[in-house]
Amino acid sequence: MKTVYAFLADGLEEVEALMVIDLLRRTHKLNVVTVSIKDDLLIEGSHNIKIYTDKNIDQINFEEGDCIFLPGGLPGTTNLASCTKLTDQILKYNKEGKLLAAICAAPTVFSGLGLLKDKNATCYPTMAEQMDCRNYGGSVVTDGNFVTANGLGSALEMGLELIRILVDQKTSDSVAGAIQYAK
């Protein structure tokens with residue numbers, strides 16, 4: 001079973017995080033672990049919604065992961081970008097060809113690390129000037145081991161795309177049908 005680490009930081013966009021996490025868990029074929037980047041497991045989102053994570057960053061074994069997922073929101077994205085332990089692992093995952101996914105403002109974390117220079121990518125439109133990528137734009141963009149999405153309205157599509165990549169198209173279609181999502 002593949003493991004997805006979903007990193008949550010204070011100031012995140014709650015629904016982006018929960019939509020993707022929920023869809024991935026509905027497969028029953030992925031181990032989805034929510035991870036706080038601080039010692040405390042309680043995260044407060046940008047809309048004052050509190051979320052308890054499964055573990056903190058010191059309690060996980062990055063070697064066991066197959067995907068890192070970053071939800072957006074501000075200052076959540078800024079907090080993720082300033083977590084050296086996380087950014088070091090993002091660089092390592094990229095070298096290993098492991099899946100890296102981010103939505104809304106969070107793709108700027110990958111861009112800030114210089115990982116998108118030769119990739120097609122997207123993010124929240126007001127953050128576009130921070131994106132150093134080959135081609136910018138779209139709602140959900142997959143290029144190599146990167147999946148980026150432009151915001152909350154694309155979270156459902158992103159979750160289904162991650163299921164397609166990490167499991168298979170049949171499972172993605174099954175989850176879409178179970179939640180009454182018709183493309």
Side-chain angles (χ1 to χ4, degrees), residues 2-14 16-17 19-21 24 30 32-39 43 45-46 53-152 154-155 157-159 161-162 165-166:
K2 292 184 178 176
T3 295
V4 177
Y5 290 128
F7 285 88
L8 309 184
D10 287 331
L12 64 80
E13 170 55 59
E14 300 95 338
E16 289 171 355
M19 173 67 76
V20 173
I21 292 163
L24 298 177
L30 295 168
V32 183
V33 181
T34 57
V35 183
S36 169
I37 63 167
K38 59 184 186 176
D39 291 339
I43 301 298
S46 61
T53 60
D54 300 315
K55 298 185 177 205
N56 73 36
I57 196 165
D58 294 323
Q59 296 173 317
I60 63 168
N61 180 352
F62 278 96
E63 297 297 320
E64 295 174 357
D66 299 286
C67 174
I68 288 175
F69 165 61
L70 307 178
L74 291 172
T77 296
T78 306
N79 292 332
L80 292 171
S82 66
C83 179
T84 305
K85 191 174 284 188
L86 173 59
T87 57
D88 287 349
Q89 290 298 320
I90 289 169
L91 292 167
K92 187 173 184 204
Y93 269 47
N94 185 56
K95 276 188 178 176
E96 296 172 355
K98 291 185 177 183
L99 193 61
L100 295 165
I103 188 169
C104 192
T108 62
V109 175
F110 300 154
S111 181
L113 294 170
L115 301 179
L116 299 178
K117 289 179 189 277
D118 65 343
K119 301 290 183 188
N120 299 315
T122 194
C123 72
Y124 195 74
T126 61
M127 307 298 283
E129 65 189 37
Q130 295 182 41
M131 292 292 285
D132 182 13
C133 58
R134 182 177 55 211
N135 291 306
Y136 170 82
S139 58
V140 176
V141 178
T142 301
D143 191 342
N145 61 314
F146 289 90
V147 179
T148 56
N150 64 0
L152 175 56
S154 301
E157 184 183 344
M158 179 186 217
E161 174 69 354
L162 292 174
I165 294 167
L166 291 165

Measure across [X] and [Y] and return the closest heavy-atom pair with its distance rounded to 0.1 Å.
X    : Y    : value
M158 : A149 : SD-CB, 3.9 Å
V147 : L99  : CG2-CD1, 4.0 Å
A102 : F110 : CB-CE1, 3.5 Å
I57  : C83  : CD1-SG, 3.9 Å
L8   : A17  : CD2-CB, 3.9 Å
S36  : T53  : CB-OG1, 3.4 Å

D118: side-chain contact (heavy atoms from CB on, under 4.5 Å) partners, not counting sequence neighbours:
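D118: no side-chain contact (heavy atoms from CB on, under 4.5 Å) contacts found.
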Using the side-chain contact (heavy atoms from CB on, under 4.5 Å) rule, take F7 and I60 through it: C-alpha gap first, then chi angles, then the decisive distance, then the call.
CA-CA 11 Å; F7 285 88; I60 63 168; 3.7 Å; yes
Straight-line distance of [X] [atom1] to [Y] [atom2], nearest 0.5 Å:
X    : Y    : atom1 : atom2 : result
N79  : I37  : CG    : CD1   : 5.5 Å
C104 : E13  : SG    : CD    : 6.5 Å
C133 : F146 : SG    : CZ    : 11.0 Å
L162 : E157 : CG    : CD    : 11.0 Å
D66  : L30  : CG    : CG    : 8.5 Å

E14 (side chain) donor-acceptor with S46 (main chain) under 3.5 angstrom
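Present.
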Counting distance only, does the side-chain N/O of T87 pair as donor-acceptor with the main-chain N or O of T84 below 3.5 Å?
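Flag set: sc T87 to bb T84 pair under 3.5 Å.
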Should the pair E63-K98 be classified as a salt bridge under the 4.0 Å nitrogen-to-oxygen rule?
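So E63 does not pair with K98 through a salt bridge.
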May I ask you to decide whether D132 forms a salt bridge with K117, counting only side-chain N to carboxylate O separations under 4.0 Å?
yes
Distance-only criterion, 3.5 Å: show the donor-acceptor pairs between side-chain atoms of residues 119-131 and protein atoms not counting sequence neighbours.
{"from": "N120", "atom 1": "OD1", "to": "N135", "atom 2": "ND2", "distance (Å)": "2.8"}
{"from": "N120", "atom 1": "ND2", "to": "D143", "atom 2": "OD2", "distance (Å)": "3.3"}
{"from": "T122", "atom 1": "OG1", "to": "G138", "atom 2": "O", "distance (Å)": "2.8"}

Under a plain distance cut-off of 3.5 Å, with no hydrogens placed, do D54 and T34 share a side-chain donor-acceptor pair?
yes
Non-hydrogen side-chain atoms of [X] and [Y] separated by less than 4.5 Å:
X    : Y   : answer
I103 : F69 : yes
L70  : L86 : yes
V4   : I21 : no
K85  : D58 : yes

Test side-chain contact (heavy atoms from CB on, under 4.5 Å) applied to E161 and I165, step by step:
CA-CA 6 Å; E161 174 69 354; I165 294 167; 3.6 Å; yes
Which of parallel (below 30°), tilted (30 to 60°) and perpendicular (above 60°) describes F62 and Y93?
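Perpendicular, since the angle between the ring planes exceeds 60°.
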